[in-house]
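It should be emphasised that the depicted structure is a prediction, and the values quoted were computed from it without experimental measurement.
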Protein chains: 2
Amino acid sequence: MSKKENILKAATLLFATNGFKDTSMTEVAHMTGTASGTIFYHFTSKEELFLSVLSSVKDGILEEFSQYFRDKEFANGLEMLEESVSFYLYLASSKTEWFLLLHRYYPYKLAKENPACRRFLEDIYNCFVDIFEKALAQGQADASIVKLSPRKTAMLILSTVDGIVRFKNCNLYDAGALYNELIATIRRMAANQN
Amino acid sequence: MSKKENILKAATLLFATNGFKDTSMTEVAHMTGTASGTIFYHFTSKEELFLSVLSSVKDGILEEFSQYFRDKEFANGLEMLEESVSFYLYLASSKTEWFLLLHRYYPYKLAKENPACRRFLEDIYNCFVDIFEKALAQGQADASIVKLSPRKTAMLILSTVDGIVRFKNCNLYDAGALYNELIATIRRMAANQN
DNA sequence: TTAAAAACTAACTGACCAGTCAGTTATTCT
DNA sequence: AGAATAACTGACTGGTCAGTTAGTTTTTAA
């Protein structure tokens with residue numbers, strides 16, 4: 001792995017666990033066994049380093065989802081919805097740093113003044129909402145899901161799973177313990193019982 | 001209002017909008033028209049100031065909810081649930097600073113090493129969950145709500161509304177636009193249709 | 001009235017940190 | 001080989017910030 005990639009990886013971990021302000025360039029340098037000057041050779045500023053991190057997280061998330069759905073077949077929309085939610089939770093537990101980073105306030109603060117940052121965040125959240133929406137729409141087509149607004153319901157589902165993951169990352173309560181209830185709730189809320 | 005209360009109020013606003021690290025004691029001092037030394041006369045450290053802020057936010061939230069439910073009557077558990085959710089959203093929009101503060105990572109990070117901080121956060125979230133749980137349990141008693149685990153479902157509902165508020169505060173999408181869908185979803189998910 | 005206590009001030013300190021720069025080492029290409 | 005470029009280094013700088021302190025003003029109470 002190149003030194004630049006190493007720096008990016010270390011920065012992802014540090015920004016995710018300690019936050020932007022509480023991560024010093026010296027720390028990133030130390031973790032990668034480089035001089036602090038080297039980081040500024042590869043990245044013009046701390047902010048640019050953060051944007052690179054966010055960009056790579058975005059790429060990672062989009063890639064993971066496209067790979068997961070590439071050759072997946074679902075019996076119906078409801079099943080697709082449930083499996084999408086499961087995959088989201090699985091991803092959140094296997095790529096903790098990504099979600100920790102997204103649950104910090106800094107990216108959203110930066111997005112207010114930096115269009116590129118805003119774009120990354122929108123790409124990420126649209127990816128999530130799009131998948132849930134697609135499942136809901138498909139479910140309505142195949143009659144596995146009741147009549148509802150696919151987009152808005154997708155946003156609500158994202159709010160729920162994202163909320164669960166956030167509470168877990170904040171050590172407030174455990175996501176795993178809620179899994180069965182979550183799936184049951186989604187079924188009660190969306191399934192078409194005829 | 002005493003100078004100490006003024007400092008607390010300014011600190012709440014600054015910690016909520018800029019975060020812990022991005023708020024300097026000089027800034028707090030400037031906003032309250034005092035010397036920075038005065039803050040250290042009233043609060044031993046920046047961390048203690050933050051804890052005082054969190055404590056007052058906790059008191060505020062508990063007070064608001066106990067006041068709202070003091071002399072409220074509900075037709076049944078389902079109605080209570082819906083109105084609790086509505087009140088949560090109302091509070092989040094009228095006391096923005098409180099929820100901005102709770103949507104930052106710093107309090108949860110501090111909670112890991114500071115039991116008092118952890119206690120404040122638990123009190124706040126238990127307050128929320130308890131109310132939803134009480135509504136669900138009442139709804140099961142009066143048959144307005146289906147069979148489900150009240151505690152876990154209450155947590156899921158909190159995840160959803162908290163997620164919505166967070167997305168709104170992060171400027172990702174608007175809570176108001178989802179309100180009708182949220183109530184409809186809660187009804188589909190919890191209402192007992194006989 | 002006055003003395004003690006509480007509240008407040010502003011200059012100061014030491015630590016830290018993002019970013020620079022002048023110079024060194026490694027790589028590539030002819 | 002040797003020149004040119006890319007990658008890397010680490011000491012240094014200017015600025016910021018939490019917290020201190022010695023001294024001043026205000027309040028309290030006897």
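What separates CZ of B:F43 from C1' of D:dA18 is a distance of 16 Å, to the nearest Å. To the nearest angstrom, P of C:dA7 lies 11 Å from CD1 of B:I7. Summarising the geometry, the separation between CZ on B:F50 and C1' on D:dA18 is reported as 16 Å, rounded to the nearest angstrom. Whole-Å rounding puts the B:E48 CD to D:dT20 P distance at 12 Å. The CG-P distance, from B:D22 to C:dA18, rounds to 12 Å in whole Å. If you measure from atom CE of B:M25 to atom P of C:dT13, you get 21 Å, rounded to the nearest angstrom. The CZ-C1' distance, from A:F15 to C:dA18, rounds to 11 Å in whole Å. Here D:dT9 presents its C1' atom at 15 Å from NE2 of A:H30, a figure rounded to the nearest Å.
Panel note: side chain A:K147, backbone A:Q140; no donor-acceptor pair is recorded below 3.5 Å.
Of the side-chain N and O atoms in A:H42, none sit less than 4.0 angstrom from OP1 or OP2 of D:dA6. Considering only side-chain N and O atoms, B:Y41 lies under 4.0 angstrom from the phosphate OP1 or OP2 of C:dA7. Within the structure, every side-chain polar atom (N or O) of A:T38 is placed at least 4.0 Å from both OP1 and OP2 of D:dA7.
Aromatic ring pairs are classed by plane angle as parallel below 30°, tilted from 30° to 60° and perpendicular above 60°; the pair A:Y106 and A:F50 is perpendicular.
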Ring pair (Phe, Tyr, Trp, His ring centres under 6.0 Å) assessment of A:F99 paired with A:Y88
CA-CA 10 Å; A:F99 289 80; A:Y88 185 101; 5.4 Å; yes
Derivation and outcome, ring pair (Phe, Tyr, Trp, His ring centres under 6.0 Å), residues A:Y68 and A:F65:
CA-CA 5 Å; A:Y68 178 74; A:F65 270 92; 7.4 Å; no
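If you check D:dA18, D:dT20, C:dC8 against the side chain of B:S36, the one that comes closest is D:dT20. The listed nucleotides are C:dC8, D:dG19, D:dT9; the one nearest the side chain of B:K3 is C:dC8. Of the candidate nucleotides D:dA7, D:dG19, C:dC8, D:dG19 has the atom nearest to the side chain of B:F40.
At the heavy-atom level, B:T23 lies under 4.0 Å from the strands shown only through sugar-phosphate atoms. Using a 4.0 Å heavy-atom distance criterion, A:S24 is classed as a sugar-phosphate-only contact.
A side-chain N or O of A:Y173 and one of B:S159 form a donor-acceptor pair less than 3.5 Å apart.
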